[in-house]
Amino acid sequence: MCGIIGIVGKSRVNQSIYDGLTALQHRGQDAAGIVTCEHDRLYLRKNNGLVRDVFQTRHMLNLRGNMGIGHVRYPTAGCSSSAEAQPFYVNSPYGIALAHNGNLVNAENLKKDLFQEDLRHINTNSDSEVLLNVLAHELQILGKLKINQEDIFKAVEGIYKRCSGGYAAVALIIGIGILAFRGPNGIRPIVFGKRETKAGTEYMVASESAALDILGFELIRDIAPGEAIFISVDGKLHTQQCIKNSLHAPCIFEIIYMARPDSIIDGISVYKARLRMGKTLAKKILRLYPKHDIDVVIPIPDTSRTAAVQVAYILNRKYREGFVKNRYIPRTFIMAEQNLRKKSVRQKLNAISLEFKGKNVLLIDDSIVRGTTCKQIIQMARDAGANKVYFASAAPPIRYPNVYGIDMPSAKELLAYNSTTKEIAEKIGADWLVYQDLEDLIACARKGNKNIKQFDISCFTGNYITGDIDEAYLATLENHRNDAAKIENESIYKTELLDLNNNIPEENME
């Protein structure tokens, strides 16, 4: 999962992109990058780390120009090499930089085609570089020295014919403008908006509407599945539906966990949807345990707070903040290694003993993936003096990997894999466990936009929207995503980095 931004402004856009990436920091904490354009030159800064650490004053001063794109990343294959930080750049044709959120499920086949047929070399393991080169090739075969919006939209049509998966992307073409497009199934989110200034209208695209709000941009709408928008360097907006057979199936995990609660995604208020999730979850608890002895409802911060408030209200029990969160620890769900996730839970959360001692506590979380975090939190509650610890998940059991851009582990590393609810409760040490029903989850999301007929719910059902995911692909994915592979990849990267640093003169190191 990543966050992307693009702005065409009437003055320098470096600070606006920086602020927008900060608003999307929750979508990726591994690396950040910004590229801007002034006349016929690109200015790029990207590296590992949080936005605030990657960009210093000297970097910001060098990011010149009135249009640019930005990216925040988390490692989808467990390797945090800065070589895979985005945006990526190719010089032919025209000079193009691209930032991407999602995953191409046919990336390996595309790599072969790009090399054997298009004569293009891919230098990293990132499918974002693959997507960039597909775009570059589709533009190059037009054979034109100067291109317009019709040419650009034709190139996007070529992308849709070749690329399968869940993706949203923003690209900067030197001296021409900024292109943004969304995959034919609309799995990954992307919106665009405008801001009126004395000099004229400025346009912005971003993964979430909250980034637009913070920068004072008015949300126009989501980019539709299979649609592309192009903003020329002089600030003119063009839109076109580039594929006829599109299917709107947004990722429901955005609503559950990934997105900010103040975002609107595909017309759905994330905050309102999470309130509804809390209501339906509480009703299920009452059905299963009508004579429950819960004393207090406590959320596991931060994402589950909204649902937990509603659970407490419906159950007519006290809502309390029982955990204090250290906000300087990255989100454990998106950490690359299991040992880091285990270590960080105690660093991230500390229990307020007064809220637990002698009480029967219901803990609410947004979802359960590996179970590492919730098991330790339940033990923390017991150590703080809880009499009984119950657990409820605002999402159904996650039994299958996500292949469209969320780095869930291999199926065998998922807590709910081949396990019943009772067995899972025993594994995490809860007195009992309640999961949200899938039908209720879908209804909670759909109430915000009844025009959406289908969601990507593959991590709950194993039914993949694109229809091209087979056992062979999942087996390959498991080899890349299991924790052993991630530790090995990280070890290789650290060794290569150490060798590189030992051979660089000290005066050349930043």
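With a 4.5 Å cut-off on side-chain heavy atoms, Ile220 and Tyr203 count as touching. At least one side-chain heavy atom of Glu202 sits under 4.5 Å from a side-chain heavy atom of Phe217. Taking 4.5 Å as the limit, every side-chain heavy atom of Tyr43 sits out of range of all side-chain heavy atoms of Asn14. Here the side chains of Arg274 and Thr303 are in contact, with some heavy-atom distance below 4.5 Å. In this structure the side chain of Ile69 never reaches within 4.5 angstrom of the side chain of Ile4, judged on heavy atoms. Using a 4.5 Å cut-off on side-chain heavy atoms (C-beta onward), Glu157 and Gln240 make contact. A heavy-atom distance below 4.5 Å is found between the side chains of Ile264 and Ser269. The shortest distance between side-chain heavy atoms of Ile268 and Ile452 falls below 4.5 Å.
For Ser393, the side-chain hydrogen bond (donor to acceptor under 3.5 Å, both in side chains) test picks out no residue, with sequence neighbours left out. For Leu44, the side-chain contact (heavy atoms from CB on, under 4.5 Å) partners at least two apart in sequence or on another chain are Val35, Lys46, Pro87. With sequence neighbours left out, Ser16 forms a side-chain contact (heavy atoms from CB on, under 4.5 Å) with Ile7, Arg195, Leu215. The salt bridge (charged side-chain N to carboxylate O under 4.0 Å, His left out) test applied to Lys375 returns no partner, not counting sequence neighbours. Remark: Tyr417 engages no residue in a side-chain hydrogen bond (donor to acceptor under 3.5 Å, both in side chains) (not counting sequence neighbours). Residues satisfying the side-chain contact (heavy atoms from CB on, under 4.5 Å) test with Ile214, not counting sequence neighbours, are Ala23, Arg260. Residues passing the salt bridge (charged side-chain N to carboxylate O under 4.0 Å, His left out) test with Glu108, sequence neighbours excluded: Lys111. Partners of Arg221 under the salt bridge (charged side-chain N to carboxylate O under 4.0 Å, His left out) rule, at least two apart in sequence or in another chain, are Glu227. Contacts of Ser232 classified as side-chain contact (heavy atoms from CB on, under 4.5 Å), with partners at least two apart in sequence or in another chain: Phe230, Asp234, Lys236.
The backbone N or O of Val403 lies less than 3.5 Å from a partner atom in the side chain of Asn103, making a donor-acceptor pair. In this structure, the side chain of Arg45 does not engage the main chain of Met60 through any donor-acceptor pair within 3.5 Å. Using a distance-only test at 3.5 Å, with no hydrogens or angles considered, a donor-acceptor pair links the side chain of Gln25 to the main chain of Val51. The main-chain N or O of Asp53 is found under 3.5 Å from a side-chain atom of Gln56 such that the two form a donor-acceptor pair.
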Show me the side-chain donor-acceptor pairs of residues 181-188 shorter than 3.5 Å, one per line, residues at least two apart or across chains.
{"unit_1": "Arg182", "atom_1": "NE", "unit_2": "Arg188", "atom_2": "O", "d": "2.8"}
{"unit_1": "Arg182", "atom_1": "NH1", "unit_2": "Ile223", "atom_2": "O", "d": "2.8"}
{"unit_1": "Arg182", "atom_1": "NH1", "unit_2": "Asp266", "atom_2": "OD1", "d": "3.0"}
{"unit_1": "Arg182", "atom_1": "NH2", "unit_2": "Gly186", "atom_2": "O", "d": "2.9"}
{"unit_1": "Arg182", "atom_1": "NH2", "unit_2": "Asp266", "atom_2": "OD1", "d": "3.3"}
{"unit_1": "Arg182", "atom_1": "NH2", "unit_2": "Asp266", "atom_2": "OD2", "d": "2.9"}
{"unit_1": "Arg188", "atom_1": "NH1", "unit_2": "Tyr404", "atom_2": "O", "d": "2.7"}
{"unit_1": "Arg188", "atom_1": "NH2", "unit_2": "Glu254", "atom_2": "OE2", "d": "3.3"}

Throw together a table of side-chain donor-acceptor distances under 3.5 angstrom for residues 91-102, partners on residues two or more places apart or in other chains.
{"unit_1": "Tyr94", "atom_1": "OH", "unit_2": "Lys144", "atom_2": "O", "d": "2.5"}
{"unit_1": "His100", "atom_1": "ND1", "unit_2": "Ser128", "atom_2": "OG", "d": "2.7"}
{"unit_1": "Asn101", "atom_1": "OD1", "unit_2": "Cys2", "atom_2": "N", "d": "3.0"}

Pairs under 3.5 angstrom only: tabulate donor-acceptor contacts from the side chains of residues 163-177 to other protein residues two or more places apart or in another chain.
{"unit_1": "Ser164", "atom_1": "OG", "unit_2": "Asp468", "atom_2": "OD2", "d": "2.6"}
{"unit_1": "Tyr167", "atom_1": "OH", "unit_2": "Cys163", "atom_2": "O", "d": "3.4"}

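Nearest approach of Asn402 to Cys251, heavy atoms of both residues: ND2-SG, 4.4 Å. The heavy-atom pair separating Glu208 from Ser263 by the smallest distance is OE1-OG, 2.7 Å. Considering all non-hydrogen atoms of both residues, Phe253 and Ser367 come closest at CZ-OG, 3.7 Å. For Cys242 against Tyr160, the heavy-atom pair with the smallest separation is CB-CE1, 3.6 Å.
One distance of note links CD1 of Ile265 with CD1 of Ile252; it measures 11.5 Å at 0.5 Å rounding. Note that CG of Asn109 is 11.0 Å distant from CZ of Arg162, once rounded to the nearest 0.5 Å. Taking CG from Leu474 and OG from Ser410, the interatomic distance works out to 10.5 Å, rounded to the nearest 0.5 Å. One distance of note links CD1 of Ile398 with CD1 of Ile256; it measures 6.5 Å at 0.5 Å rounding. Taken to the nearest 0.5 Å, the CZ atom of Arg73 stands 7.5 Å off from the CG atom of Asn48. To the nearest 0.5 Å, the span separating CZ on Phe55 from CG on Leu61 amounts to 13.5 Å.
At most 12 heavy atoms of other shown residues, nucleotides or ligands fall within 6.0 angstrom of atom NZ in Lys154. Atom NZ of Lys453 sits in a crowded spot, with more than 12 heavy atoms from other residues, nucleotides or ligands closer than 6.0 Å. The environment of Asn245 atom CG is sparse: at most 12 non-hydrogen atoms of other residues, nucleotides or ligands sit within 6.0 angstrom.
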- Given the rule in the side chain to side chain contact (heavy atoms under 4.5 Å, CB included) test, do Gln454 and Ile465 qualify, once you have shown the distances and angles that lead to the verdict? CA-CA 10 Å; Gln454 187 174 355; Ile465 295 294; 3.3 Å; yes

- Evaluation steps, side chain to side chain contact (heavy atoms under 4.5 Å, CB included), between Ile34 and His59: CA-CA 10 Å; Ile34 295 175; His59 305 127; over 6 Å; no

- Could you check Ser458 against Asn463 for side chain to side chain contact (heavy atoms under 4.5 Å, CB included), going step by step and ending with a plain yes or no? CA-CA 5 Å; Ser458 53; Asn463 297 321; 5.9 Å; no

- Query: What do the steps show when you test Val105 against Tyr464 for side chain to side chain contact (heavy atoms under 4.5 Å, CB included), and what is the final call?
  - Reply: CA-CA 11 Å; Val105 298; Tyr464 296 98; over 6 Å; no

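Across Val134, Leu135, Ile141, Leu139, a single residue satisfies side chain to side chain contact (heavy atoms under 4.5 Å, CB included) together with His137, and that is Ile141.
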